[in-house]
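These notes are about the structure you will find just below.
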There are 2 protein chains.
Amino acid sequence: MKELTKAEEEIMQYLWEMEQVFVKDIIARMPSPKPAYTTVSTIIRILEKKGFVGHKAYGKTHEYYPLISKKEYTRNFMKRFMNNYFSNSFKEMVSFFAKEDKLSVSDLDELMKEVRKEIEEGSHDG
Amino acid sequence: MKELTKAEEEIMQYLWEMEQVFVKDIIARMPSPKPAYTTVSTIIRILEKKGFVGHKAYGKTHEYYPLISKKEYTRNFMKRFMNNYFSNSFKEMVSFFAKEDKLSVSDLDELMKEVRKEIEEGSHDG
DNA sequence: TTTTATCTACTAAATATTTAGTTTCTAACA
DNA sequence: TGTTAGAAACTAAATATTTAGTAGATAAAA
């Protein structure tokens, strides 16, 4: 999977959030100062070339949608990151953030109860 | 804190790992094809300008060392990332990776036992 | 059918990043 | 003291990324 640059990722976030969009929809949601229409359009075309985005044509206009889910991208990205920053150890990562957020042991237990539930629920669809 | 580019981060990883280094030490550790001496040297100078690296001068030669720890950088980087990819929720992140690595509930319990221990140990130095 | 609006595709300029050659300085040594 | 080796600093070329203008196409409106 190709990497995304900053600008590409920013646009991709809108795609993931909105699922089906026209260029103008994205621009509408962007904060000022808004970029030129063609800027966004160009970035989307790059995303298409990289295989992240597809489109349906409605006459001359394209409606764009993600081909790679946020989950898939996150997975790949985090693999690299985990490797570099937590020596590939899930434990280290959790531990880092728990300390970071100054979670107490009981905070963590509470959190883990919820995570456990999610794992159990999710276990049939992977 | 400034962001690091890819090339800068790569060199920074050596600094973090080796703590105190001369340029040639870094190059010695780098895999082939090795970059030119001046390439590494230039990147380090950029890192100094960005405040990530300092140096002690031994005559004409500089021994470089990190000014910003891997932990500090990770913290900042992950804040942004968490925000974009896990809506700032620690729970979501743990859950994501637990599912990702196909951890069972008992795997998770085992892991959390260790994390809990670390938190308890670490609580006096933050 | 002609005009208008608006969209994508094409193109290119501006900017940022990466890579490395050249110069200059200094220390070590003859 | 002069010469040499090796390092940082300076400079610049190559490459990648970002931004946006212009042209050409098409649908909708007149």
Side-chain angles (χ1 to χ4, degrees), chain A residues 1-15 18 20-68 73 76-77 80 84, chain B residues 1-15 18 20-68 73 76-77 80 84:
Chain A
M1 188 187 301
K2 286 223 168 71
E3 295 241 354
L4 297 181
T5 65
K6 256 198 184 43
E8 288 157 15
E9 199 195 298
E10 193 198 337
I11 296 302
M12 202 62 207
Q13 293 285 358
Y14 288 96
L15 269 293
M18 301 160 84
Q20 300 268 305
V21 290
F22 298 95
V23 171
K24 62 177 170 185
D25 299 330
I26 293 180
I27 293 168
R29 288 240 193 158
M30 293 179 88
S32 295
K34 291 176 190 295
Y37 186 100
T38 45
T39 301
V40 175
S41 163
T42 300
I43 293 173
I44 290 182
R45 217 158 327 103
I46 293 168
L47 286 168
E48 285 203 278
K49 202 153 56 186
K50 286 191 176 181
F52 276 73
V53 167
H55 74 260
K56 275 184 281 190
Y58 291 107
K60 68 185 167 183
T61 312
H62 294 185
E63 188 178 42
Y64 300 96
Y65 54 87
L67 288 177
I68 288 181
Y73 182 68
N76 269 276
F77 184 88
R80 275 190 293 275
N84 287 337
Chain B
M1 187 187 301
K2 282 224 170 71
E3 294 241 356
L4 298 181
T5 65
K6 255 197 184 42
E8 287 158 16
E9 200 196 298
E10 194 198 336
I11 296 301
M12 203 60 207
Q13 292 286 357
Y14 289 96
L15 270 291
M18 300 161 84
Q20 299 267 309
V21 291
F22 298 95
V23 171
K24 62 178 170 186
D25 298 330
I26 292 180
I27 291 167
R29 288 240 193 159
M30 292 179 89
S32 295
K34 292 175 190 293
Y37 185 100
T38 46
T39 299
V40 176
S41 164
T42 300
I43 292 172
I44 290 182
R45 217 156 328 101
I46 293 168
L47 285 168
E48 284 202 280
K49 200 153 56 185
K50 286 191 175 180
F52 276 74
V53 167
H55 73 260
K56 276 184 281 189
Y58 291 107
K60 67 186 165 181
T61 310
H62 293 186
E63 188 177 43
Y64 300 95
Y65 54 86
L67 288 177
I68 288 183
Y73 183 68
N76 269 275
F77 185 88
R80 273 190 295 274
N84 286 337

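Letters go in sequence order (proteins before strands), and every chain restarts at 1.
At a threshold of 4.0 angstrom between heavy atoms, the contacts of A/Thr61 are confined to the sugar-phosphate backbone, with no base atom among them. No contact: A/Tyr58 has no heavy atom under 4.0 Å from any strand. Within 4.0 Å of A/Phe22, counting heavy atoms only, lies no atom of the nucleic acid at all. Residue-level contact check: B/Thr5 touches the backbone only, with heavy atoms under 4.0 Å from sugar-phosphate atoms and none from bases.
Comparing D/dA7, C/dT8, D/dT19 by their closest approach to the side chain of A/His62 singles out C/dT8.
Rounding to whole angstrom units, CD1 of residue B/Ile44 and P of C/dT19 are separated by 14 Å. Taking atom CZ of B/Arg45 as the reference point, atom P of C/dT23 lies 16 Å away to the nearest angstrom. If you take CG of A/Leu47 and C1' of D/dT18, they are 13 Å apart, rounded to a whole angstrom. Rounded to whole Å, the distance from CD on B/Glu48 to C1' on D/dA7 is 13 Å. Separating the CD1 atom of B/Ile11 from the P atom of C/dT17 is a distance of 16 Å, rounded to the nearest angstrom. Straight-line distance from the CD1 atom of A/Ile46 to the P atom of C/dA9: 12 Å, rounded to whole Å. One atom, OH of B/Tyr64, and another, C1' of D/dA7, lie 8 Å apart when rounded to the nearest Å. Atom NZ of B/Lys60 and atom P of D/dT4 are 15 Å apart (whole Å).
Crowding of B/Lys34 atom NZ: a count of heavy atoms from other residues, nucleotides or ligands under 6.0 Å exceeding 12.
Side chains of A/Leu47 and A/Leu67 form no contact here, defined as non-hydrogen atoms less than 4.5 Å apart. Within the 4.5 Å cutoff, the side chain of A/Ile26 has heavy atoms near those of the A/Leu15 side chain.
Residue whose closest nucleotide on DNA chain D sits further toward the 5' end, between A/Glu8 and A/Thr38: A/Glu8.
Checked against B/Glu8 for a side chain to side chain donor-acceptor pair (under 3.5 Å), the options B/Lys2, B/Gln13, B/Lys50 give a single hit: B/Lys50.
Residue A/Thr39 places at least one side-chain N or O under 4.0 Å from the OP1 or OP2 atom of D/dA20. OP1 or OP2 of D/dA8 sits under 4.0 Å from a side-chain N or O of B/Tyr37.
Using cut-offs of 30° and 60° on the angle between ring planes, the pair B/Phe22 and B/Tyr58 is tilted.
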